[in-house]
Amino acid sequence: MKFAERMSRFSGSPTSALIARVAELRAAGKNIISLNVGEPDFGTPDYVKVAGIKAIVDNFTKYTAGTGIIELRKAIKEKLKNDNNLDYETNEICATVGAKQAIFNAIMAIAGPGDEVLLPIPCWVSYTDMVKFAGATPVFVPVKNDEGYILDLEAIEAAITPNTRGIVICTPNNPTGAVYSEASLRQLAELAVKHDFYIISDEIYEKLIYDGEEHFSIASISPEVKEHTVTVNGCSKAYAMTGWRLGYLAASKEFIANVTKIQTQTTSATSSISQKAGLAALTGSQHDLEVMVAEFDKRRKYVTDRLNAIPGISCTTPKGAFYILPDVSSYFGTTADDGTKINNAKDLANFILEKEQVALVPGEAFNIEGKVRISYSNSMENLCEALNRLEHALSLLKK
Ligand SMILES: Cc1ncc(COP(=O)(O)O)c(C=O)c1O
């Protein structure tokens, strides 16, 4: 039987093989510590759960408007105004099945065959395949790795062609933990306006930010920049709601009208129950979020310090999200006592998993070599044990 031509354009999730191997090892009784997770290890706040339960009890369990219930869109409008200095009307907002669907819909709305979408790399695994799904071409532009993974505006400008339809940026960033400065975002905005392309601004890690850094929403620069921007956010990371599947995007009315066509003919809308829960999350106490951020901050400092103390490993201190992307390339070309050869980050991640049962994601998954991504969304106890194991695994590697 044949499959559609488009299926040959995707590689599938590069992390799924790792997840499968972790499951196999766990089934074999191994005590794996997962530093590969992309979601908070905290529970959804109680008041949010209660709002979800109430929605079910009240039979709020039917289809909603494709863009989401009006109360939720009003709450998002208020959030964008208060937190991000953005003025969007409720008809410029669409609730989605996670931020993932928001980004997918936005890419589908702007790009097709012959079009190009710029992706600063390393980048989140899904952007590339979403662009390919749309039939467009991803154009990779490395960030400045040695300067804290900041945007390379000159390289971005050089990559712009008449076919450039957009750029997808993520700040705070997965996988680097970088937070883009207002100055760099202003420069990027100038390019987008000058060359008339869209900025899809993935702000899903907005609330997970440290060291007094401030998140800046690129659309707040001017009405002209806002017209060129799709602001994406959601409840997954800030409110530990990954399984509820609630994200949103905000853009011009015309943009939302196009996105609504995609949404209503695919998922219809996101879950009515999750919309009520999200409404509670956005309008309720932010105490749980503050507790979570304080805990992530402690872990971030601990893991960065421990990593930098390991010979041959170096990493910049991430300013946001819950990831660290250390350079491990000094271990390439080494051999373990059992004969395992390490030639790249994939080999290293496999070795650490098999030898010491710690799961990390090789940088190749994010289009970068020489790095591994470590998620500190795990208990302090597990992080401490994982770093002991990591140190031990690396001590077995000799040139
Ligand atoms: C950078 C980035 N954007 C978007 C998402 C998707 O978020 P959601 O779970 O709301 O779809 C993720 C999830 O890992 C992410 O890391």
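Both counts, for ligands and for their atoms, begin at 1 and track the order of listing.
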- [ ] Considering heavy atoms of the protein only, find what lies nearest to atom 3 (N) of ligand 1 and give residue, atom and distance to 0.1 Å.
- [x] Asp202 OD2, 2.6 Å
Open item on the list: In this structure, would Ile32 and Val358 fall into the same cluster of hydrophobic residues linked by side-chain contacts under 4.5 Å?
Closed with: no
TODO: Specify the protein heavy atom at minimum distance from atom 9 (O) of ligand 1: its residue, its atom name, and the distance to 0.1 Å.
DONE: Arg245 NH1, 2.8 Å
- [ ] May I ask you to identify, for Phe322, whether its side chain, its backbone, both or neither come under 4.0 Å of ligand 1 on a heavy-atom basis?
- [x] neither
Task: Within-shell test, Trp244 vs ligand 1, heavy atom, strictly < 4.0 Å - done: no
Task: Numbering as shown, the atoms of ligand 1 that approach Tyr127 to under 4.0 Å (heavy-atom distance) - done: 1 (C)
Open item on the list: Any nitrogen or oxygen of Thr242 lying under 3.5 Å from a nitrogen or oxygen in ligand 1? Just yes or no.
Closed with: no
Task: Option from Thr267, Thr270, Thr96 for which side chain to side chain donor-acceptor pair (under 3.5 Å) with Gln101 holds - done: Thr267
Task: Joint hydrophobic cluster, Ile262 plus Val168, side-chain heavy atoms closer than 4.5 Å - done: yes
Open item on the list: Any nitrogen or oxygen of Gln101 lying under 3.5 Å from a nitrogen or oxygen in ligand 1? Just yes or no.
Closed with: no
Task: Side-chain heavy-atom pair Ile93, Thr67 within 4.5 angstrom cut-off - done: no
TODO: Would you check if His392 and Lys355 make a side-chain contact, meaning some heavy-atom pair closer than 4.5 Å?
DONE: no
TODO: Let me know which of Leu383, Thr304, Asp297, Asp41 forms a side chain to side chain contact (heavy atoms under 4.5 Å, CB included) with Tyr376.
DONE: Leu383
Open item on the list: For atom 14 (O) of ligand 1, what is the closest protein heavy atom, and at what distance to 0.1 Å?
Closed with: Lys237 NZ, 2.7 Å
Open item on the list: For the 3.5 Å polar cut-off, considering only N or O atoms, please tell me whether Ser236 and ligand 1 meet it.
Closed with: yes
TODO: Provide, to 0.1 Å, the distance between atom 7 (O) of ligand 1 and the closest protein heavy atom, together with that atom's residue and name.
DONE: Ala99 CB, 3.7 Å
Task: Any N or O of Gly98 closer than 3.5 Å to N or O of ligand 1 - done: no
Open item on the list: Strictly distance-based, threshold 3.5 Å: is any side-chain N or O of Asn344 a donor or acceptor partner for the main-chain N or O of Lys346?
Closed with: yes
Task: ligand 1 contacted by Cys170 (non-hydrogen, < 4.0 Å) - done: yes
Task: Glu154 with Lys144: basic N within carboxylate O range, under 4.0 Å - done: no
Task: For atom 6 (C) of ligand 1, the protein heavy atom that lies nearest, with its residue and separation - done: Trp124 CH2, 3.7 Å
- [ ] For Lys100, counting its heavy atoms only, list the atoms of ligand 1 lying under 4.0 Å from any of them.
- [x] 6 (C), 8 (P), 11 (O)
Open item on the list: Determine whether the aromatic ring centres of residues Phe133 and Phe10 are separated by less than 6.0 angstrom.
Closed with: yes
